[in-house]
There are 2 protein chains.
Amino acid sequence: MKNLARKRPTINDVATASGVSRGTVSRVLNGHANVSLAAELAVRRAVAETGYVVNRAARSLKTSRTGSIVMVLSEPQERLFEDPNFSVLLRVATNQLAERDMSLVLMIAGDRGGRDRVARYLRGGHADGTLLVSTHAGDPLLEEIERAGVPAVACGAVLGRESVIPYATADDHGGAQQITEYLVGQGRRRIGMITGPLDTPGGLLRLEGFTSVLGRKATKRRIVNSDYTQAGGEAAMRELLDSVPDLDAVFVASDLMAAGALQALHAAGRRVPDDVAVGGFDDSIIATATRPMLTTVRQPLAKVAEETVRLLIALLDERDVEPVVLSTDLIVRDST
Amino acid sequence: MKNLARKRPTINDVATASGVSRGTVSRVLNGHANVSLAAELAVRRAVAETGYVVNRAARSLKTSRTGSIVMVLSEPQERLFEDPNFSVLLRVATNQLAERDMSLVLMIAGDRGGRDRVARYLRGGHADGTLLVSTHAGDPLLEEIERAGVPAVACGAVLGRESVIPYATADDHGGAQQITEYLVGQGRRRIGMITGPLDTPGGLLRLEGFTSVLGRKATKRRIVNSDYTQAGGEAAMRELLDSVPDLDAVFVASDLMAAGALQALHAAGRRVPDDVAVGGFDDSIIATATRPMLTTVRQPLAKVAEETVRLLIALLDERDVEPVVLSTDLIVRDST
DNA sequence: ATGAAAGCGCTAACAT
DNA sequence: ATGTTAGCGCTTTCAT
């Protein structure tokens, strides 16, 4: 009874065990037509008995399909990972792909080295598709991906490439309008905004949504750009209070930054929402950890991730795809 | 000039271009000895010129090594993904592996189906190693992994398997002692605790650290088990206030639960830290989003992840490994 | 130090 | 409907 760790069964073992040829086993495994019921049954039984699992390397060598897709993060690392939303993408994408028996490889292309690795990986044909997360318009990675000829979709639009790279996204513009209108409706008159980086869709589109509601009342002085971090939000809030002391509301483009803004307001002795109303964006886990809890815009992130994967799979199947924009919900809590 | 998307160069192309045989190219690529300088140079140049990238599937077919490792999440999905700490693991592990030109595949084994998929994946030989995250002692997955014969390490100890599965972890016990001693040193006398699930190391060991400091003063009434969620922390805090109304401090086993506890205390009209001091654990992104900001125990998570990967690589190289326990830091903020 | 050649496990084209 | 076979790109043994 030695040699317990016996060799992995191959398709040949299954063929022998089921009394048919390798070819037929393969046909059964891949769901091809033209297989008799008897053969199919025999094969299925043999697979179960032998504990056969397909060798993907061999399959891939033959078909040049890998069964895995890469999620590429092109964010300067920390920022994205600080973002609690990111986990949702990861979870949903993993599960969606798993259902199709595909696997998710994670790669970080934050710097030159990372980008090169991704490029080499793709050019090596190690993945069937690419799922871009928070990729910027000018990112050199985009060219590499194009050159590699691997289908790509983006979770959130890639600014400037909307017509080239299919994407699914929450309606940033609409969501920003929603909460801005709400603030106006509450009687707020001097409303400021803290934006994300303007080379990201969330940075740009939320700002545009904001200004589309306020028109000329959205003045430059009332708008401060920041960077999606809590510290950035805090600094931006201080700046805003400085330049617009009579501010009575602020729309902050992410919950994390809004948490920073709350700290700054508290430090400045402003009461929220009495003196200043604060609106966030994301409805992330942060939103209920602050005091007061944040009124915010909920992104249907799980759905966004789901749709992104759906797009990618459609692309792999060579079906036509259209961008998907999903609407957001206003979640009213205590900060407004 | 048609056919732009020309075929990927293979090792044969490199051989032709450099005027040596396939075998020699392979030897150069894999850093074997017995290669003349001239040959090496010629091959390197040909690789650069042709843009050759190794076909992993072919290599894997031959060597039965895959160059990828799986990170298996065996948490009932949401809980872990809610945890901002998790992102750190992912980032560090991805980068560490990338340096060795290995890639990280993410799999979720939260339910039966997920476990089966992981098992099949491993039995199929699709990964060289396994990186376990938040795996419980009784998890049937453990057997599957053992059966698959794939090396495994854990990020955080697997309770009950400490001697079988190598791990790297923060010093949960010591960290809990640190903050408990601190609370005592601040003159707090009636200290309660909200724990994580007791089948997790963080749940159990932090509780043990707590009781090791308080001795018999750590009574059952003052200890409430919870589940690492914010809502859970809030409920636990209410319970605690109910049964121990004169509580003057509470150690909460995670920042996220502590955020919930703060809400409950606020709702109950207790001032923090004046009436009740609150200590957290993790120093996650939540810790500075709350008001007051949390005094907490910082886990060197990046380091933990790094060490976990190091252990796994050592294991793959068939070197001996020892568990790694990394010490924590007390971060004093405003909640105590 | 290098070349030649076998073969890893699979799929798909071809033959029947 | 099924069997036979070539070959995907690589590593490695065996010769030399």
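Since this is a predicted model, take the numbers as computed values, not measurements. Chain letters run A, B, ... following the sequence lines, proteins first and then strands; every chain starts at 1.
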Every protein N/O lying under 3.5 Å from an N/O of nucleotides 5-7 of chain C:
unit_1	atom_1	unit_2	atom_2	d
dA6(C)	N6	Arg22(B)	NH2	3.2
dG7(C)	N2	Lys62(B)	NZ	3.0
dG7(C)	N3	Lys62(B)	NZ	3.3

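- Here Asp13(B) pairs with Pro9(B), Thr10(B) under the side chain to side chain contact (heavy atoms under 4.5 Å, CB included) rule; sequence neighbours left out.
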Short N/O separations, protein against nucleotides 14-16 of chain C, under 3.5 angstrom:
none

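- Note: CG (Leu29(A)) to P (dC10(C)) measures 8 Å, nearest angstrom.
- Taking the 5' to 3' direction, DNA chain D first and last meets chain A under 4.0 angstrom from a heavy atom at dA1(D) to dG9(D).
- Residue pairs that meet the salt bridge (Lys or Arg N to Asp or Glu O under 4.0 Å) test with at least one member in residues 17-36 of chain A, sequence neighbours left out, do not exist here.
- Each of Ser36(B) and Asn55(A) has a nearest nucleotide on DNA chain C; the 5'-most of these lies closest to Ser36(B).
- For His32(A) and dT11(C), the NE2 to P distance is 8 Å, given to the nearest whole Å.
- Heavy atoms of Ala57(B) sit nowhere under 4.0 angstrom from any nucleic acid atom.
- When the P atom of dG9(C) is taken as reference, atom NE2 of His126(B) falls 13 Å away, rounded to whole Å.
- Screening residues 302-314 of chain B for side chain to side chain donor-acceptor pair (under 3.5 Å), with sequence neighbours left out, gives Glu307(B)-Arg310(B).
- Of the side-chain N and O atoms in Ser26(A), none sit less than 4.0 angstrom from OP1 or OP2 of dA12(C).
- Over its length, the helix from dA1(C)-dT16(D) to dT16(C)-dA1(D) turns its helix axis by 40°, as judged from the five terminal pairs at each end, rounded to 10°.
- Partners of Ser26(A) under the side chain to side chain donor-acceptor pair (under 3.5 Å) rule, at least two apart in sequence or in another chain, are Asn30(A).
- Residue Leu41(B) contributes atom CG, which lies 16 Å from atom P of dA1(C) at whole-angstrom precision.
- Phosphate proximity of dG9(C) to Thr10(A): absent, as no side-chain N or O sits under 4.0 Å from OP1 or OP2.
- A donor-acceptor contact shorter than 3.5 Å links the side chain of Ser60(B) to the backbone of Arg65(B).
- Partners of Arg117(A) by side chain to side chain donor-acceptor pair (under 3.5 Å), not counting sequence neighbours: none found.
- Atom CZ of Arg8(A) is separated from atom C1' of dG9(C) by 12 Å (rounded to the nearest Å).
- For residues 49-60 of chain A, the pairs satisfying salt bridge (Lys or Arg N to Asp or Glu O under 4.0 Å) are Arg45(A)-Glu49(A), with sequence neighbours left out.
- Put simply, CG on Asn34(A) is 14 Å from P on dA12(C), counting in whole angstrom units.
- Here side chain to side chain donor-acceptor pair (under 3.5 Å) pairs that include residues 143-160 of chain B, with residues two or more places apart or in two chains, number zero.
- For Asp320(A), there are no salt bridge (Lys or Arg N to Asp or Glu O under 4.0 Å) partners, not counting sequence neighbours.
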